[in-house]
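Data block below; observations after.
None of these values were measured; they are calculated from a predicted model. No hydrogens, no waters, no symmetry mates; every other heavy atom, side chains included, goes into these values.
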Amino acid sequence: MQSVLLSAIVVFVSTSIDDLVLLILFHSQARTRAQRLSILAGQIGGIGILVGISLLGSYLASRMLEGWVIGLLGFIPIALGIKAMMGKDEEKNESVGEGRKGLLATVTLVTIASGGDNLGIYIPWFATFDESSLLITMLVFLVLILLFWALGYLLANQSHIKNLLSRFSAVLVPVVFLLLGLVILSENGTFAKLASLSGQ
């Protein structure tokens, strides 16, 4: 049990540490308690979908999707970044995802889109689990999601970080989303695959 706990903590932190930056950005734009809860729900939903895909993939004992196909999800944060950039003058006082449902969908999609490394680790890792190990891992993941969400909130509300984000979030958010999308497309070999397909 201790080994399962330790491995679950290490795997979650190593695959989700990049999400902390996004959580800080989302929290810096949240204005209400409902929006902050939407960030949490989106994080749980996004990771839950990644876990579900990974469980199905490990059950079938093979990857359902090639890496470059997963990389296509990189276009999601790119589209969100462009949308945020285009609308920053008109909606500078609003968050990237307008309203609770918009923010929930945004966090969920960005979490899934940035989860290529999660799938690459979860699928073979889950294949070694029995039911009890899987249950323990899911509980650990849930606790760590809550901790990451709380840490993102605390960091976003540190006075110096909050002041910095309030000044530069209109530029920082779209830039981070665009860079995230490009990294996802690159790391999953999507650029190379699309180039080879266009050359045929």
Measuring from L144:CG to I47:CD1, what's the distance to the nearest 0.5 Å?
9.0 Å
T32 meets the side chain to side chain contact (heavy atoms under 4.5 Å, CB included) criterion, sequence neighbours left out, with A34, Q35
Any donor-acceptor pair under 3.5 Å from T137 side chain to S133 backbone:
yes
Given side chains that start at C-beta, do those of L139 and V143 come closer than 4.5 Å, heavy atoms only?
no
If you take all heavy atoms of A156 and S28, which pair is closest and at what distance?
CB-N, 3.9 Å
Holding to side-chain hydrogen bond (donor to acceptor under 3.5 Å, both in side chains), I want the full list of residues that pass it with S132, two or more places apart in sequence or in another chain.
D130
Answer yes or no: is there a donor N or O on one side and an acceptor on the other, between the side chain of W149 and the main chain of R36, under 3.5 Å?
yes
Any side-chain hydrogen bond (donor to acceptor under 3.5 Å, both in side chains) pairs touching residues 45-56, not counting sequence neighbours?
none
Kindly give the heavy-atom pair with the smallest separation between L178 and I78, and that separation in Å.
CD2-O, 3.5 Å
Roughly how far, to the nearest 0.5 Å, is CD1 of I145 from CG of D19?
9.5 Å
With I49 via side chain to side chain contact (heavy atoms under 4.5 Å, CB included) - residues at least two apart:
I53, T108, I112
Would you say L147 and L25 are hydrophobically clustered, going by side-chain heavy atoms of ILVMFWY under 4.5 Å?
yes
Residue set satisfying side chain to side chain contact (heavy atoms under 4.5 Å, CB included) with L142, at least two apart, ordered chain then number -> I44
ILVMFWY cluster membership beyond L6 - transitive side-chain contacts under 4.5 angstrom
V10
Decide yes or no for L23 and L155: does some side-chain heavy atom of the first lie under 4.5 Å from some side-chain heavy atom of the second?
no
Return the minimal non-hydrogen interatomic distance between S38 and L104, and the atom names on each side.
O-CD1, 3.6 Å
Quick one: CD1 on I39 to CD on Q29, what's the gap to the nearest 0.5 Å?
8.5 Å
Spell out, yes or no, whether I136 and L146 are grouped together once hydrophobic residues are joined by side-chain heavy atoms under 4.5 Å, including indirect joins.
yes
If Ile, Leu, Val, Met, Phe, Trp and Tyr residues are connected whenever their side-chain heavy atoms lie under 4.5 Å apart, and connections chain through other members, are I82 and L185 in the same group?
yes
Considering residues at least two apart in sequence or located in another chain, which fulfil the ring-ring contact (aromatic ring centres under 6.0 Å, His included) criterion with F141?
F12, Y122
Looking only at heavy atoms, what is the nearest atom pair of H27 and G152, with distance?
CD2-C, 3.4 Å
Shortest non-hydrogen pair, F148 vs L20, comes out as O-CD1, 3.8 Å
Test side chain to side chain contact (heavy atoms under 4.5 Å, CB included) applied to L134 - qualifying residues, sequence neighbours left out:
L55, F126, F129, M138
Taking V13's backbone N and O only, do any of them form a donor-acceptor pair with S16's side chain (distance below 3.5 Å, no angle check)?
no
Keeping to residues at least two apart or across chains, list the side-chain hydrogen bond (donor to acceptor under 3.5 Å, both in side chains) pairs with something in residues 41-51.
Q43-T111
